[in-house]
Structure formats: C-alpha cells, structure tokens
Amino acid sequence: MNCEIYRISKSPHSLYYIPNFISQEEEECLLNKVYSAPKPKWTQLSHRKLQNWGGLPHNKGMVVEDLPPWLKTYADKIGSFSIFEDKKPNHVLVNEYLPGQGIMPHEDGPLFYPVVTTINLGSHTFLDFYTPIDGQDDQPQNKNTNVTVCDHNESKQKSFNDESSFEKRYFLSVLLEPRSLIMVCDDMYKIYLHGIAEKKSDIVTDKVANLNTTPYAIGDTLDRKTRVSLTFRYVPKVLKAKLVLGKK
Ligand SMILES: O=C(O)CCC(=O)C(=O)O
Ligand SMILES: [Fe+2]
C-alpha cells in the first residue's frame, strides 16, 4: 500500500501520520493484551517501563521468537506499506509512560531497518525531533545498540547534551493522537534524534508539523494521561534458535 497520502507535508523529510489507524475497540483490546502480559515481561526503566516482543535485538543478531497473534496482525498490516518494501516488522517494543514521563532524545541505531512505526494508545503525546550536534553524529551514547538496556544511558547523555543544547537543536514535533500510527523513515530516522519531553501537559505551537490533520489549534493545552506505544520495527540480523535435542 502506498502511503504518500499520509506524508506530513510540513516536514522536509519523511514522516507519515495516520490518524485513527485503529478503532476504539481495537485500542481497548490492545491495551488489555499489554496489561494481561505476565509480570516478568515488563522491564522497569528509570522513566518508563517496557515489554519486548519478537526477541531481543542485539548486535550479534536477534534470536527470533514468533510475535503473538494480537501483534502479528498489525505487523502484517504495517508491513504492507510500501516504505517497508518486501519486509515485515519482526519486533515490537511496548513502552508505557505515565504523565510526566518521556524518553531522552536518541537515534534508534543500526540494529533496525531504517523505518520505525508506532501505534499510539491511551493518550496523546508530542514526539519531538532534534538536529544532531554538528560533526558528532556518532556519539555512542545516543545510539541504541541493545534494546535490553534501552535506557539510552540517560545520566551520561544528560551531562554531554545539556538541555540548552537540545533547545537550540529542536526541529519540529508530531502530535500523536490515541489510535494513530506514525512512520519515521529516511533522514528523520538516520540523521535526526527523537524524544518525548518529561511533561504532564503539552502546548500546541506552530512547530507541530501535522497540526492540519488534528482538531487542535495553536495555543491549546493538552493534558497527558497514561500512554502505551507499540513500536514495530524490522530487525534484519537474526539468529536461528539453537535446538538442544536429548539423546534417546
Ligand atoms: O514511545 C514512543 O513513541 C517512542 C519510543 C522510542 O523512541 C524507542 O523506544 O526507541
Ligand atoms: Fe526511539
């Protein structure tokens, strides 16, 4: 399926936004599935908690596990978008953010095919993009090379990238409404950093690139609720699970 009609035309690089990608019933069903996962499936980080589905991406390769049917349906649907070419997402990261929680600006790094797609559940948020520091695009602390410890080394990063630096490098935001899908590709994936500010509410400004596709206006204040995001990605480097067979 060609997704050109969903391109955010106010962004100079490839960003796509589909409001109401899923229905309210689907949203409820997905939230039920997320919250009925066994407790050990959750990893608690300092500013959010997460679940990994499909395996743990690793620079040596991901040992693939089948996605459960409730995620596979959406992986197949999202994989049918032209931007994925002939690939289908094989990994899903679930993140839960309470109001006031977020994620430091970062790159998703080399473990993934450079298209990231996220279904947004339960609350709106603002996904913010930043230009990289000139000539310092390879700072290891900004690259996500292992999702098991996907905390983006937040304390180390804070000392290097102080907040005034991010203020200067702020580029644009996408307002993610509940039930929407965002797709980030090309330079927006490879060059720019993305993050979510640790705020309890957001004020709409002219930096919101997809404002024309939402019911909001500049100056509106939106209070955050608990948000769950489902990020679908394709991990190209995979390993076959080793089968240990007992001798008869
Ligand atoms: O929750 C989101 O929408 C963003 C998550 C993210 O950027 C990540 O897990 O790498
Ligand atoms: Fe990310």
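One-based numbering along the sequence shown. Just so you know, ligand 1 is whichever comes first in the structure, and atom 1 is the first atom listed for that ligand.
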Chemist: For the residue pair Tyr170 and Asp128, establish whether any side-chain heavy-atom pair is separated by less than 4.5 Å.
Modeler: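 Tyr170 reaches Asp128 side chain to side chain.
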Chemist: Is the shortest N/O to N/O distance between Asn95 and ligand 1 below 3.5 Å?
Modeler: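 Yes - when backbone and side-chain N and O of Asn95 are compared with those of ligand 1, one distance drops under 3.5 Å.
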Chemist: Would you compute the distance between atom CG of Leu175 and atom CD of Glu177 and round it to the nearest 0.5 angstrom?
Modeler: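 Here the interatomic distance stands at 6.0 Å.
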Chemist: For residues Asp186 and Pro114, determine if any side-chain heavy atom of one lies less than 4.5 Å from a side-chain heavy atom of the other.
Modeler: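 The answer is no; the side chains never approach within 4.5 Å.
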Chemist: If the plane angle is over 60° it's perpendicular, under 30° parallel, otherwise tilted; pick one for Tyr192 and Phe171.
Modeler: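 Parallel, since the angle between the ring planes stays under 30°.
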Chemist: Under 6.0 Å between ring centres, would you say that holds for Phe84 and Tyr234?
Modeler: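 So the answer is no for these two rings.
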Chemist: May I ask you to list the atoms of ligand 1 that are less than 4.0 angstrom from any heavy atom of His194?
Modeler: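 Answer for ligand 1: 7 (O).
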Chemist: Indicate yes or no: does an N/O atom of Tyr97 lie under 3.5 Å from an N/O atom of ligand 1?
Modeler: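 In this structure, Tyr97 places an N or O atom under 3.5 Å from an N or O of ligand 1.
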Chemist: Where does Leu50 meet ligand 1, judged by heavy-atom distances below 4.0 Å: at the side chain, the backbone, both, or neither?
Modeler: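 For Leu50, no heavy atom sits under 4.0 Å from ligand 1.
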Chemist: Identify whether NZ of Lys or CZ of Arg in Lys41 sits under 6.0 Å from the centre of the six-membered ring of Trp53 and within 45° of that ring's axis.
Modeler: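 Yes, a cation-pi geometry holds between Lys41 and Trp53.
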Chemist: Give the single entry among Leu127, Ile119, Leu93, Val174 that approaches atom 9 (O) of ligand 1 most closely by any heavy atom.
Modeler: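 That would be Leu93.
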Chemist: Hey, what's the angle at the Fe ion (ligand 2) spanning OD1 (Asp108) and NE2 (His106), nearest 10 degrees?
Modeler: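 The angle at the Fe ion (ligand 2) comes to 90°, rounded to the nearest 10°.
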Chemist: Would you mind listing which atoms of ligand 1 come within a distance below 4.0 Å of any non-hydrogen atom of Arg233?
Modeler: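 By the 4.0 Å cutoff, the relevant atoms are 10 (O).
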Chemist: For ligand 1, which atoms, with element, lie under 4.0 Å from some heavy atom of Arg227?
Modeler: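 Numbered from 1, ligand 1 contributes 1 (O), 2 (C), 3 (O).
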